[in-house]
Amino acid sequence: MTQLIENIKDWRSLRGELAKENKSVGFVPTMGALHEGHSSLVRKSKSENDVTLVSIFVNPTQFEDSQDLEKYPRTLVEDLKRLESDGADYVLFPRAEDMYADKYQYQVVENILSRDLCGAHRPGHFQGVLTVVLKLLNIAEAHRAYFGEKDFQQYVLIRGMAEAFFLKTEIVPCPTVREQDGLAMSSRNTRLSSDDRQRATLFPELLEHTTNPEEITRRLIDRGFFVDYIEEKWGRRFGAVRLGDVRLIDNVKI
Ligand code: PAJ
């Protein structure tokens, strides 16, 4: 049975009990609207730890656009069913008032990587991500925390933060899970029109098989994509595009 926890204090006292029993804890932070990508993180955590905690918190500080925050899919009932069948032990739903009792007065700022790639197009985004992840990691007190390579820049920034601040939790990367047609699974995919959903498969296809970023950009624009960037870095090819008002990101090894 997955146990629901709405109060941070309740988790902290439970965490104390688990420590007494010498249980290892794995942690999967999410914003809900869960899919197979999230489930793969939960399963990895389960295979490596005695107990798995998942958090669901749609973090307001990482949305630079209030419309995007409002439209973010919320599918609580389905999420709980999925977590139950994945075998998650605890789900934490912290309240925004508790997470941001300081009214976001304290923030984690990274000055170099967070301005690149997605950061160049989403000012303040990674500040919000790093701040909430630091809070969540301190609350969870997990041995390991699991992050998807789909959001590779996010993973690199979190790994760097954990090192910089001597956090005790090990940051574990997990491979990107894709739909059968190659599109990286994302909570935002459900917001694509059926036309755009079909067209979206071109994005991973070109990232994987076309070696020249300018060529990829040109071909995407030809097919009606708005391209934020296609760039190579860290031995990977990264891309961010928009179809209508839905933003998609992806990256592949090169
Ligand atoms: P969210 O988008 O819900 O993603 C939660 C975790 O699932 C992240 O580590 C993300 O990289 C991973 N994930 C999402 N889609 C995936 C896929 N197709 N394959 C593998 N992993 C995937 O990322 C966030 O939430 C937030 O920024 C968060 C870290 C929770 C901070 O608010």
Side-chain angles (χ1 to χ4, degrees), residues 26-45 52-64 68-69 71-76 78-79 82-83 86 88 91-94 96 99-100 104 107-108 110 114 117-119 122 124-140 142 144-162 167 169-191 200-201 203-204 207 236 238 240 246-253:
F27 177 41
V28 181
T30 80
M31 298 203 295
L34 303 180
H35 49 66
E36 201 43 41
H38 298 107
S39 290
S40 73
L41 273 54
V42 174
R43 286 196 294 265
K44 189 161 167 68
S45 169
T52 291
L53 168 73
V54 177
S55 64
I56 297 182
F57 180 62
V58 184
N59 173 36
T61 65
Q62 70 188 77
F63 290 84
E64 63 286 4
D68 194 27
L69 171 62
K71 284 190 202 151
Y72 200 81
R74 287 159 173 90
T75 57
L76 211 54
E78 291 88 339
D79 288 355
R82 177 180 283 280
L83 291 175
D86 293 338
V91 188
L92 177 67
F93 280 106
M99 289 299 285
Y100 289 106
Y104 202 35
Q107 305 181 6
V108 179
E110 192 281 343
S114 65
L117 301 173
C118 280
R122 304 185 67 184
H125 169 68
F126 285 118
Q127 211 153 310
V129 169
L130 290 177
T131 303
V132 83
V133 171
L134 180 62
K135 287 172 189 261
L136 289 168
L137 289 175
N138 279 332
I139 292 166
R144 300 174 194 84
Y146 297 81
F147 294 89
E149 291 182 343
K150 175 181 163 270
D151 304 285
F152 199 85
Q153 185 179 14
Q154 169 173 283
Y155 155 67
V156 170
L157 279 161
I158 291 167
R159 187 185 62 189
M161 173 179 76
L167 302 187
T169 307
E170 181 193 344
I171 305 301
V172 184
C174 305
T176 302
V177 177
R178 298 178 179 281
E179 302 286 355
Q180 283 202 330
D181 63 8
L183 184 65
M185 289 193 181
S186 163
S187 310
R188 290 189 168 90
N189 292 353
T190 55
R191 288 184 40 223
T201 60
F203 177 41
L207 273 186
R236 288 181 175 259
F238 291 84
V246 182
R247 190 168 187 274
L248 303 174
I249 62 168
D250 202 347
N251 68 93
V252 297
K253 256 198 196 140

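This chain uses plain numbering: 1 for the first residue, then up along the sequence. All values below were derived from every heavy atom in this structure, side-chain atoms included, with hydrogens, water molecules and symmetry-related copies excluded. Read the numbers this way: they start at 1 and go in the same order the structure lists the ligands and their atoms.
With sequence neighbours excluded, the residues that form a side chain to side chain donor-acceptor pair (under 3.5 Å) with E36 are R43, R82.
For the pair V177 and ligand 1, the shortest N or O to N or O distance falls below 3.5 Å. Below 3.5 Å of separation, one finds no N or O of K150 facing any N or O of ligand 1. At a 3.5 angstrom cut-off on N or O pairs, F57 does not count as close to ligand 1.
The main-chain N or O of Q107 is never found under 3.5 Å from a side-chain atom of T131 such that the two would form a donor-acceptor pair. In this structure, D250 contributes its side chain and V252 its backbone to no donor-acceptor pair below 3.5 Å. Listed for the E179 side chain is no donor-acceptor partner under 3.5 Å among the backbone atoms of L183. S114 places no side-chain N or O within 3.5 Å of a backbone atom of G119 that could act as its donor or acceptor partner. Under the 3.5 Å distance criterion, the side-chain polar atoms of N189 are matched with a main-chain donor or acceptor of A184. Looking at K150, its side chain never comes within 3.5 Å of a backbone N or O of S186 through a donor-acceptor pair. T30 places a side-chain N or O within donor-acceptor distance of the main-chain N or O of S55, the cut-off being under 3.5 Å. A donor-acceptor contact shorter than 3.5 Å is absent between the side chain of S45 and the backbone of T52. At least one donor-acceptor pair closer than 3.5 Å links the side chain of Q153 to the backbone N or O of C118.
With hydrogens and angles left out, the side-chain atoms of N59 and Y72 include no donor and acceptor closer than 3.5 Å.
Residue contact check: T176 has heavy atoms under 4.0 Å from atoms 19 (N), 20 (C) of ligand 1. Here is the list of ligand 1 atoms found below 4.0 Å of a heavy atom in L41: 6 (C), 7 (O), 9 (O), 12 (C), 21 (N). Using a 4.0 Å cut-off to heavy atoms of Q62, the atoms of ligand 1 that qualify are 26 (C), 27 (O), 31 (C), 32 (O). For ligand 1, the atoms closer than 4.0 angstrom to any heavy atom of M185 are 15 (N), 16 (C), 17 (C), 18 (N). Each of the atoms 9 (O) of ligand 1 lies under 4.0 Å from some heavy atom of F147.
Summary of contacts: the protein heavy atom closest to atom 9 (O) of ligand 1 is G148 N, 2.9 Å. Considering only non-hydrogen protein atoms, atom 10 (C) of ligand 1 sits nearest to D151 OD2, 3.1 Å. Of the protein's non-hydrogen atoms, H38 NE2, 3.8 Å is the one closest to atom 1 (P) of ligand 1. The closest protein non-hydrogen atom to atom 15 (N) of ligand 1 is H35 CE1, 3.3 Å. Counting protein heavy atoms only, atom 20 (C) of ligand 1 is closest to P175 O, 3.5 Å. Atom 2 (O) of ligand 1 has Y72 OH, 3.9 Å as its closest protein atom, hydrogens excluded (heavy atom only). With hydrogens left out, the protein atom closest to atom 25 (O) of ligand 1 is M31 CG, 3.6 Å, a heavy atom.
When heavy-atom distances to ligand 1 are checked against a 4.0 Å cut-off, C174 has no atom that comes that close, whether in backbone or side chain. By the criterion of a heavy-atom distance under 4.0 Å, the side chain of V132, and not its backbone, is placed next to ligand 1. Contact annotation for Q154 and ligand 1: only side-chain heavy atoms (C-beta onward) come within less than 4.0 Å of the ligand. No part of E36 comes within 4.0 Å of ligand 1, judged by heavy-atom distances.
For the pair P29 and ligand 1, a heavy-atom separation below 4.0 Å is found.
Using cut-offs of 30° and 60° for the angle between ring planes, the F152 and Y155 rings count as perpendicular.
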